[in-house]
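These notes are about the structure you will find just below.
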Amino acid sequence: MVLGLRSRMNQMTNSLNASSNRSNLLGQDGKGEPKEDKRVTGLDNSGIVGLQQQIMREQDEDLLKLEETVTSTKHIALAVNEELDLHTKLLDNLDEDADRTNTRLKNMQRRLGDLSKKASSGCSVMCLVLMVLVIVILVLVIFALIRYL
């Protein structure tokens, strides 16, 4: 849909650029003096009026084409606006999710740091030594019981 809108926009831009030549629109030769239209030579007043009416009809047709182009451009702009709104909402949701994940990650890093401090403080080493000592004592007691029974 976006590619279609872009190609339509390029077509409209090209048509506007082709028809917006200043000297063609103003009918001037670039020196500020109007050129005499070759279509007027040899015409009487009623012929000139008829030519003016024909030119006005052509201008009306051109204005209708321009209106269609402007309407089309408006629809394209509205579609692009809707697309931008959707992308803005998606980016906002992504930002919120990233913030939430960042907060969780910081909490986990803090917990791991606390656990690392506890483990390095020797508490776990003492527990291990004590457990090994208890196991050795239990094994000795079991051997003693087996020997005397």
Side-chain angles (χ1 to χ4, degrees), residues 1-40 50-149:
M1 181 178 163
V2 173
L3 291 174
L5 293 175
R6 283 186 182 157
S7 67
R8 179 72 175 143
M9 182 186 69
N10 289 335
Q11 288 174 352
M12 289 187 297
T13 302
N14 291 337
S15 69
L16 286 174
N17 288 339
S19 66
S20 65
N21 187 349
R22 186 173 192 268
S23 62
N24 287 343
L25 290 174
L26 297 177
Q28 298 176 349
D29 61 1
K31 297 180 183 175
E33 297 183 24
K35 293 189 279 184
E36 185 171 329
D37 196 344
K38 294 178 183 174
R39 297 180 288 182
V40 183
L51 179 63
Q52 286 177 340
Q53 289 174 346
Q54 179 186 354
I55 291 172
M56 286 172 54
R57 279 191 298 272
E58 290 172 1
Q59 288 175 345
D60 288 342
E61 291 171 7
D62 289 343
L63 284 174
L64 288 175
K65 289 178 185 176
L66 180 62
E67 180 185 16
E68 290 173 6
T69 303
V70 168
T71 303
S72 176
T73 304
K74 174 187 172 186
H75 292 299
I76 291 170
L78 291 174
V80 168
N81 186 36
E82 288 177 17
E83 192 74 20
L84 286 174
D85 287 343
L86 174 66
H87 285 241
T88 301
K89 288 176 185 175
L90 289 173
L91 286 173
D92 288 343
N93 290 340
L94 181 65
D95 188 42
E96 289 173 5
D97 290 344
D99 287 343
R100 227 176 296 131
T101 303
N102 189 28
T103 302
R104 288 180 184 169
L105 183 62
K106 285 182 180 179
N107 287 338
M108 292 308 280
Q109 285 176 337
R110 183 182 46 81
R111 287 180 185 172
L112 285 173
D114 292 345
L115 183 63
S116 174
K117 286 178 185 177
K118 287 179 183 177
S120 67
S121 68
C123 178
S124 61
V125 174
M126 288 292 267
C127 289
L128 269 172
V129 169
L130 222 100
M131 293 291 268
V132 169
L133 191 62
V134 168
I135 290 173
V136 168
I137 292 174
L138 281 175
V139 169
L140 289 175
V141 169
I142 290 174
F143 275 124
L145 285 175
I146 291 177
R147 219 183 219 184
Y148 290 111
L149 290 178

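Worth knowing before you read on, the calculation uses all heavy atoms, side chains too, and leaves out hydrogens, waters and symmetry mates. Starting from 1, each residue takes its place in the sequence as its number. Predicted model, so just to flag it, every value in this text is computed and none were measured.
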Once rounded to the nearest 0.5 Å, what's the spacing between atom CD of Glu83 and atom OG1 of Thr88? 10.5 Å
Please list, chain by chain and in numerical order, all residues satisfying side-chain contact (heavy atoms from CB on, under 4.5 Å) with Glu96, sequence neighbours excluded. Asn93, Arg100
Contact check, side chains of Lys74 and Leu78, non-hydrogen atoms, under 4.5 Å: yes
Pair Leu86, Glu82 - check side chain to side chain contact (heavy atoms under 4.5 Å, CB included), show working. CA-CA 6 Å; Leu86 174 66; Glu82 288 177 17; over 6 Å; no
Do any N or O atoms from the side chain of Thr71 and from the backbone of Glu67 form a donor-acceptor pair under 3.5 angstrom? yes
I need the Leu130 CG to Ile135 CD1 distance, nearest 0.5 Å. 10.5 Å
Roughly how far, to the nearest 0.5 Å, is the CG atom of Leu145 from the CG atom of Leu140? 11.0 Å
What distance do Lys65 atom NZ and Thr69 atom OG1 have between them, rounded to the nearest 0.5 Å? 9.5 Å
To the nearest 0.5 Å, atom CG of Leu66 lies from atom CD of Gln59 at 12.0 Å
What is the distance from atom CZ of Arg6 to atom CD1 of Ile76, rounded to the nearest 0.5 Å? 12.0 Å
Identify, with sequence neighbours excluded, every residue that meets side-chain contact (heavy atoms from CB on, under 4.5 Å) alongside Arg57. Gln53, Gln54
Kindly indicate whether the side chain of Leu94, heavy atoms from C-beta on, has any atom under 4.5 Å from the side chain of Leu90. no
